[in-house]
Amino acid sequence: MEFNERFRGYYPVVVDLETGGFDAQVNPLLEIGCQFLHWQDDQLNLGEAGLWQVHPYPGSVIDPASTKVTGIDVHDPQRNALDERDALREFFGCVRRGMKASGCHRAILVAHNSAFDLGFLLAACRRQDIKRNPFHPFSSIDTASIAAVAYGHTVLAEACKRAGIPFDNNLAHSAEYDTECTARLFCQMVNLWPFEASLVEQNQGSSG
């Protein structure tokens, strides 16, 4: 089976966004973390990772409670942040290259509580007038929902623990670490799920 067959032509990219609050309309993106995946011997595996630090866009509002949790100091001169538009364009460029290499026609966002991340990503694209967003505009893959079925828990730390995946709470709430843990959890759940391409072909033939 090829990568593009496993997810109906979609290219799954694991994403974690650290933000300046919970309101996508007024709170800014502060970090974009992503984990690319690759398909080998009918198994989903971790590939390259990416991380972009993002300057808060002009006029945005940062909730101090959010930065207290994440530990992000937006005024740190060593933060090496990009403007939101530049960070998104670099990120999307990496996603498109992965799509092309895997033969997929569109990307689909994978995240823990994915509606949150997708909502912030779409709001940022509207704000920056970015038309060529490679991600599906409303579909996403939520690892919290899958973990509820597979392991009986929706919290990332506990789901990883039940899956036998190490999780360090001291490193949590950074886009880089949370993305890696989410990706490991997603790969494990996908690889444990019984899936036979022949059954799909058989069902498609019988419905024709």
Open item on the list: Given 3.5 Å as the limit, does a donor-acceptor pair link the side chain of Asp86 with the main chain of Leu82, or not?
Closed with: no

Atom pairs and distances, side-chain donor-acceptor, residues 151-160, under 3.5 Å, sequence neighbours left out:
from   : atom 1 : to     : atom 2 : distance (Å)
Tyr151 : OH     : Gln188 : NE2    : 3.0
His153 : ND1    : Val155 : N      : 3.2
Glu158 : OE2    : Arg162 : NE     : 3.0

- [ ] Specify the closest pair of heavy atoms between Leu37 and Cys187, including all atoms of both residues, with the distance to one decimal.
- [x] CD2-SG, 3.8 Å

Task: Side-chain (Asn45) to main-chain (Gln43) donor-acceptor, under 3.5 angstrom - done: yes

Task: Nearest atoms (heavy-atom pairs only) where Ala123 meets Ala24 - done: CB-O, 3.5 Å

Open item on the list: Hydrophobic clusters here meaning ILVMFWY residues chained together by side-chain heavy-atom distances under 4.5 Å, can you tell me if Met189 and Leu192 are in one?
Closed with: yes

- [ ] Using side chain to side chain donor-acceptor pair (under 3.5 Å) as the criterion, list what pairs up with Asp142, not counting sequence neighbours.
- [x] Ser145

Open item on the list: Working to the nearest 0.5 angstrom, can you tell me the gap between Asp73 CG and Gln78 CD?
Closed with: 10.5 Å

- [ ] Following the transitive rule for hydrophobic clusters with a side-chain heavy-atom cut-off under 4.5 Å over Ile, Leu, Val, Met, Phe, Trp and Tyr, establish whether Tyr57 and Ile130 coincide in one cluster.
- [x] no

Task: Partner set under salt bridge (Lys or Arg N to Asp or Glu O under 4.0 Å) for Lys68, not counting sequence neighbours - done: none

Open item on the list: Filter on side chain to side chain donor-acceptor pair (under 3.5 Å), then keep only pairs touching residues 26-35, sequence neighbours left out; what's left?
Closed with: Glu31-Gln53

Task: Non-neighbouring partners of Gln128 that pass side chain to side chain donor-acceptor pair (under 3.5 Å), sequence neighbours left out - done: Glu84

- [ ] List in chain and number order the residues that pass side chain to side chain donor-acceptor pair (under 3.5 Å) with Gln40, two or more places apart in sequence or in another chain; answer none if no residue qualifies.
- [x] none

Open item on the list: Is the ring pair Phe138/His136 parallel, tilted or perpendicular, if the boundaries are 30 and 60 degrees?
Closed with: perpendicular

- [ ] Only counting residues at least two apart or in another chain, list the ones meeting salt bridge (Lys or Arg N to Asp or Glu O under 4.0 Å) with Asp41.
- [x] none

Open item on the list: Restricting to non-hydrogen atoms, name the atom on Ile108 and the atom on Ser140 that form the minimum distance, rounded to 0.1 Å.
Closed with: CG1-CA, 3.8 Å

Task: Closest approach of Ala144 to Asn113 (non-hydrogen atoms, all atoms of both residues) - done: CB-OD1, 3.5 Å

Task: Heavy-atom closest pair, residues Pro137 and Leu122 - done: O-CD1, 3.2 Å

TODO: Say whether Thr182 and His112, considering side chains only, have a donor N or O and an acceptor N or O under 3.5 Å apart.
DONE: no

Task: Transitive ILVMFWY side-chain link Ile32 to Leu171, under 4.5 Å - done: yes

Task: Distance (rounded to the nearest 0.5 Å) between Leu29 CG and Leu17 CG - done: 5.5 Å

Task: Heavy-atom neighbours of Arg89 CZ exceed 12 at 6.0 Å - done: no

Open item on the list: Strictly distance-based, threshold 3.5 Å: is any side-chain N or O of Asp63 a donor or acceptor partner for the main-chain N or O of Ala65?
Closed with: yes

Task: Partners passing salt bridge (Lys or Arg N to Asp or Glu O under 4.0 Å) against Arg106 (at least two apart in sequence or in another chain) - done: none

Open item on the list: On a heavy-atom basis, which atom in Val54 and which in Asp83 lie closest, and how many Å separate them?
Closed with: CG1-C, 4.4 Å

TODO: Verify the ring-centre separation between Phe116 and Phe120: is it less than 6.0 angstrom?
DONE: yes

Determine all donor-acceptor pairs shorter than 3.5 Å in which one atom belongs to a side chain in residues 90-100; sequence neighbours excluded.
from  : atom 1 : to     : atom 2 : distance (Å)
Glu90 : OE1    : Trp52  : NE1    : 2.9
Arg96 : NH2    : Arg132 : O      : 2.0

Task: Pair listing, salt bridge (charged side-chain N to carboxylate O under 4.0 Å, His left out) test, anchored in residues 180-192, at least two apart - done: Glu180-Arg184

Open item on the list: Less than 4.5 Å apart, side chain to side chain, heavy atoms only: is that true for Trp193 and Ile146?
Closed with: no

Task: hydrophobic_cluster_shared for Leu121 and Leu51, side chain cutoff 4.5 Å - done: no

Task: Residue pair Phe167, Lys161: steps toward the side-chain contact (heavy atoms from CB on, under 4.5 Å) verdict - done: CA-CA 7 Å; Phe167 190 94; Lys161 178 181 176 181; over 6 Å; no

TODO: Please check if the side chain of Asp16 supplies one atom and the backbone of Gly33 the other of a donor-acceptor pair under 3.5 Å.
DONE: no

Task: Residues which pass salt bridge (Lys or Arg N to Asp or Glu O under 4.0 Å) with Glu18, listed by chain and number, not counting sequence neighbours - done: none

- [ ] Ignoring hydrogens and angles, tell me if any N or O in the side chain of Tyr10 forms a donor-acceptor pair with the backbone of Leu109 under 3.5 Å.
- [x] no

TODO: Measure the spacing between OG1 of Thr179 and CZ of Phe186 and express it to the nearest 0.5 Å.
DONE: 13.5 Å

- [ ] Could you grab the distance from atom CD of Gln25 to atom OG of Ser60, nearest 0.5 Å is fine?
- [x] 13.0 Å

Open item on the list: Please check: side-chain N/O of Asp178 versus main-chain N/O of His173, any donor-acceptor pairing under 3.5 Å?
Closed with: yes

Task: Side chain Ser114, main chain Val110, donor-acceptor under 3.5 Å - done: no

- [ ] Could you identify which residues cluster with Ile72, counting Ile, Leu, Val, Met, Phe, Trp and Tyr as linked when any side-chain heavy atoms lie under 4.5 Å apart, either directly or through a chain of such contacts?
- [x] Leu30, Ile62, Val74

TODO: Give a yes or no on whether Asn80 atom CG has more than 12 heavy-atom contacts from other residues, nucleotides or ligands under 6.0 Å away.
DONE: no

Open item on the list: Quick one: does any side-chain atom of Asn4 pair with a main-chain N or O of Gly103 as donor and acceptor, under 3.5 Å?
Closed with: yes

- [ ] First locate atom CD of Glu2, then atom OG of Ser102, and finally report the distance between them rounded to the nearest 0.5 Å.
- [x] 10.0 Å

Open item on the list: Return the CZ to SG distance between Arg8 and Cys104, rounded to the nearest 0.5 Å.
Closed with: 11.5 Å

